[in-house]
Amino acid sequence: MKVDIKTYKEIHRPVYILEEERLRRNLELISDVAKRANIEIILAFKAYALWKTFPIFREYIKSTTASSLAEVRLALDKFGSKAHTFSPAYTDYEIDEIAECSSHLTFNSISQYDRLHIRAQKANNDISFGIRINPEYSEIETDIYNPCAPGTRFGVSADKMPDTLPQFIEGFHCHCHCENGSDVFVRTLKHIEDKFAKWFTQIKWINFGGGHLMTRKDYDIELLVNTLNNFHKRYPWLKVIMEPGSAFGWQTGPLVAQVIDIVEDKGIKTAILNTSFSCHMPDCLEMPYHPTVRGAETIEEDIDYSKPYTYRLGANSCLSGDFMSAWRFDHELQIGENIIFEDMNHYTTVKTTMFNGITHPSIAMVHKGSNELEILKEYTVNDYFNRMD
């Protein structure tokens, strides 16, 4: 089925849509940055895991990053290469299989390394071990996403690091960004170097984690490339890795939903949709943030529902708070009309739930050059049954 990618008028059920042309545009930019800065950029599954699109990714990148047994198996079985793996804590009953499927294994604490690294080595003699470091600095404003907030459970701070690293530690891993610009990386890098550079002669690689939103329009690519090349001059023996998630899936396609009813109470009109913020767009409530709706103005302050065509958008779940306010359209909404939520691939697709048994949106891809829509996954009641089995 060919579709109109402006209106998706051919679609009458909820679906996440990935536009191949936009995805390739991101991949080309990321690949170019990696070459110019002489670094490796890998895909973080926690933000994007649509494995049927991995053949496209393999044209541009070679590796991925995982945080669980399921993700390391996804890396090996579906992407075709072993994962760069980090977890806040590995379990005794999963560490062997995780190590088998990993090229790099980062420990969150020295105690985890001490307890588990021998088992991991026995499972995979070629594995490279790392330690997550905590630079105690981050410019992430939303605490739920800030891994460097006081009391964090992530990483080892400099004051707790031994003068000589454990025998088989070959790298550092640091994650302290969330959809940030390269200017933030510059400021963060200073803290990383100030606190941890004295150990750099003892390691072979450093992973600067995710949150580097290099595919955003206002991101300063030149500043990033120059900063990384200068870093290489200071530490030429260190291999540099970055593992963004959002940057790969950024602005690659929407969630298309439909209006199934319109209700009003106390002057507030709510368009009820066949999707759910809680189930299908959890970041909106968690962050929180208002997603952009195509053809509508987002109203975040001084909402006046008496103005024409101003609506809340609500879900068909039983959770009272499963709605967001407010959007102003240029017409009165109609039953069956498409509501297009922009930019709903990164993080959104991997964080969904089947709460309340709400029908899950399908996942589809619009192929480059043809606008042909391919359904990659269509969910049925059996998917709900299997999760509750």
Side-chain angles (χ1 to χ4, degrees), residues 14-20 22-24 26-27 30-31 40-88 94 97-98 101-106 145 173 175 178-179 207 209-215 241-255 275 279-284 286-287 341 343-355 360-366 374-379 383-384 386-387:
V15 57
Y16 297 102
I17 296 176
L18 175 71
E19 297 180 15
E20 182 185 352
R22 292 187 181 189
L23 176 63
R24 286 187 179 275
N26 286 351
L27 286 162
I30 290 168
S31 177
E40 183 175 18
I41 303 179
I42 61 180
L43 170 66
F45 286 150
K46 67 178 181 179
Y48 184 102
L50 301 180
W51 57 266
K52 289 184 180 178
T53 67
F54 286 173
I56 297 174
F57 279 76
R58 286 303 302 258
E59 296 178 29
Y60 301 89
I61 65 171
K62 296 180 180 179
S63 300
T64 59
T65 180
S67 298
S68 64
L69 176 57
E71 286 188 344
V72 298
R73 289 302 304 268
L74 185 67
L76 191 58
D77 297 356
K78 300 299 184 182
F79 198 87
S81 62
K82 292 185 177 183
H84 294 237
T85 306
F86 164 79
S87 174
E94 291 181 340
E97 188 172 1
I98 286 175
C101 299
S102 301
S103 60
H104 297 66
L105 191 74
T106 296
Y145 295 129
H173 177 280
H175 178 75
C178 180
E179 297 186 354
N207 184 330
H212 309 277
L213 195 46
M214 56 192 73
T215 50
I241 304 160
M242 285 184 166
E243 48 179 42
S246 294
F248 285 97
W250 186 256
Q251 297 290 343
T252 55
L255 168 59
T275 52
C279 296
H280 310 139
M281 297 171 277
D283 268 7
C284 296
E286 182 179 276
M287 183 72 169
F341 294 97
D343 196 22
M344 283 294 163
N345 280 312
H346 61 91
Y347 277 101
T348 307
T349 50
V350 296
K351 297 183 78 168
T352 60
T353 75
M354 301 194 93
F355 162 67
H360 207 72
S362 300
I363 298 174
M365 181 165 65
V366 176
E374 178 189 0
I375 300 295
L376 302 180
K377 172 69 176 178
E378 194 163 19
Y379 294 89
D383 293 288
Y384 176 69
N386 289 337
R387 289 183 67 142

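Remember, predicted model here, so these are calculated numbers, not experimental data.
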Inter-residue atom distance [X].[atom1] - [Y].[atom2], 0.5 Å rounding:
X      : Y      : atom1 : atom2 : value
Trp250 : Asn345 : CH2   : CG    : 12.0 Å
Leu255 : Thr349 : CG    : OG1   : 10.5 Å
Thr106 : His173 : OG1   : NE2   : 5.5 Å

With [X], which residues qualify under side-chain contact (heavy atoms from CB on, under 4.5 Å), at least two apart?
X      : result
Glu286 : Ile144, Tyr145, Asp283, Lys351
Ser87  : Tyr90
Glu20  : Arg24, Ile56, Met365, His367, Lys368
Tyr379 : His360, Ile363, Lys377, Asp383

Quick one: list whatever passes ring-ring contact (aromatic ring centres under 6.0 Å, His included) with [X], sequence neighbours left out.
X      : answer
His84  : His104
His212 : His177, Phe185
Tyr16  : none

Please name all residues satisfying side-chain hydrogen bond (donor to acceptor under 3.5 Å, both in side chains) with [X], sequence neighbours left out, ordered by chain then number.
X      : value
Glu71  : none
Thr215 : none
Arg73  : Asp77, Glu97
Thr64  : none

Donor-acceptor pairs are to be reported for all side-chain atoms of residues 40-48 against protein atoms at under 3.5 Å, with residues two or more places apart or in another chain.
from, atom 1, to, atom 2, distance (Å)
Glu40, OE1, Lys239, NZ, 2.9
Glu40, OE2, Ser63, OG, 3.3
Tyr48, OH, Thr53, OG1, 2.8

